[in-house]
Amino acid sequence: QVQLVESGGGLVQAGGSLRLSCVVSGLAFDDYTMAWFRQFPGKEREFVGTTIWGGGVTHYADSVKARFTISREDAKNTLYLQMTNLKSEDTAVYYCAAGRSIEVESQRAYEYWGQGTQVIVSS
């Protein structure tokens with residue numbers, strides 16, 4: 001079965017860094033667009049960033065551009081989200097997703113989702 005498992009969340013002070021991981025199993029990793037989303041309380045999941053064309057291209061939401069970096073380690077079927085200069089407004093549950101649509105900023109583009117990992121940024 002397809003599984004996406006996020007880890008690496010936790011509590012960090014504003015200005016600090018965290019690295020999230022998403023371990024993927026049950027699908028051909030290189031055949032899917034991989035993305036990170038986040039969800040604030042009471043709201044829909046929000047696009048954070050994506051890697052497309054086997055990781056050759058990355059695309060980020062304006063809110064995280066220059067602070068977050070997506071990378072992947074194909075041998076381990078793992079997607080990463082390196083977050084730096086974290087802000088209080090980054091507090092959310094972060095989700096890894098996999099899909100095959102070109103509409104990479106929409107949650108509807110993604111067929112598979114992880115369980116999420118909580119990130120709390122304290123001020």
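Side chains are part of it too, since the values below use all heavy atoms of this structure and drop only hydrogens, waters and symmetry mates. All of these numbers come straight from a predicted model, not from anything done at the bench.
- Cluster membership for I120 and L86, using ILVMFWY side-chain heavy atoms within less than 4.5 angstrom, is not shared.
- In this structure, the separation between OG1 on T33 and CD on E111 is 12.0 Å, given to the nearest 0.5 Å.
- With rounding to the nearest 0.5 Å, the separation of NZ in K65 from OG1 in T58 is 9.5 Å.
- A salt bridge is absent between D90 and K87; no separation between the charged side-chain nitrogens and carboxylate oxygens falls under 4.0 Å.
- Counting only heavy atoms from C-beta outward, the side chains of R38 and F40 approach each other to under 4.5 Å.
- Using a distance-only test at 3.5 Å, with no hydrogens or angles considered, no donor-acceptor pair links the side chain of S106 to the main chain of E103.
- Here SG of C22 is found 10.0 Å from CG of N77. Values are rounded to the nearest 0.5 Å.
- For S123 against S88, the heavy-atom pair with the smallest separation is CB-OG, 3.4 Å.
- With T117 contributing its side chain and G9 its backbone, the two residues share a donor-acceptor pair below 3.5 Å.
- Under the side chain to side chain contact (heavy atoms under 4.5 Å, CB included) test applied with L79, the options T50, L4, I70 reduce to a single match, I70.
- Counting heavy atoms from C-beta on, the side chains of V119 and L20 come closer than 4.5 Å.
- Within a 6.0 Å radius of CD in Q118, other residues, nucleotides and ligands contribute more than 12 heavy atoms.
- Judged by distance alone, the side chain of T91 and the main-chain N or O of V121 form a donor-acceptor pair under 3.5 Å.
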Could you please spell out the steps behind the side chain to side chain donor-acceptor pair (under 3.5 Å) verdict for Q39 and R45? CA-CA 4 Å; Q39 187 168 26; R45 282 168 288 187; 4.9 Å; no

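- A heavy-atom distance below 4.5 Å is not found between the side chains of Q82 and S71.
- With hydrogens and angles ignored, the 3.5 Å screen pairs a side-chain donor or acceptor of T78 with a backbone N or O of K76.
- Taking 4.0 Å as the cut-off between side-chain N and carboxylate O, R72 and D74 count as a salt-bridged pair.
- No side-chain heavy atom of V23 sits under 4.5 Å from any side-chain heavy atom of Q3.
- For the pair C96 and W36, the minimum side-chain heavy-atom distance is below 4.5 Å.
- No side-chain heavy atom of R67 sits under 4.5 Å from any side-chain heavy atom of M83.
- Under the 4.5 Å side-chain criterion, counting only non-hydrogen atoms from C-beta, S63 is not in contact with E89.
- F47 and F37 have their aromatic ring centers within a separation under 6.0 angstrom.
- The aromatic rings of F68 and Y94 lie tilted to each other, with the angle between the two planes from 30° to 60°.
- Side chain of Y110 to main chain of V104: a donor-acceptor pair is present (N/O by atom type, distance under 3.5 Å, no hydrogens or angles).
- Across all non-hydrogen atoms, the minimal contact from G114 to Y95 is O-CD2, 3.4 Å.
- The heavy-atom pair separating L11 from S122 by the smallest distance is CD1-CB, 4.2 Å.
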Output, in order, the C-alpha distance, side-chain angles, deciding distance and verdict of side chain to side chain donor-acceptor pair (under 3.5 Å) for Y80 and E73. CA-CA 8 Å; Y80 301 99; E73 189 171 0; 2.8 Å; yes

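- In this structure, CD in Q107 is found 11.0 Å from CD in E46, a value given to the nearest 0.5 Å.
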Go through the steps for Y60 and T69 under the test side-chain contact (heavy atoms from CB on, under 4.5 Å), then give the verdict. CA-CA 8 Å; Y60 303 94; T69 302; 3.9 Å; yes

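- A 4.5 Å side-chain heavy-atom check between V5 and Q115 finds at least one atom pair inside the cut-off.
- Summarising the geometry of V2 relative to G26, their closest heavy-atom pair is CG2-O, 3.4 Å, with the distance given to 0.1 Å.
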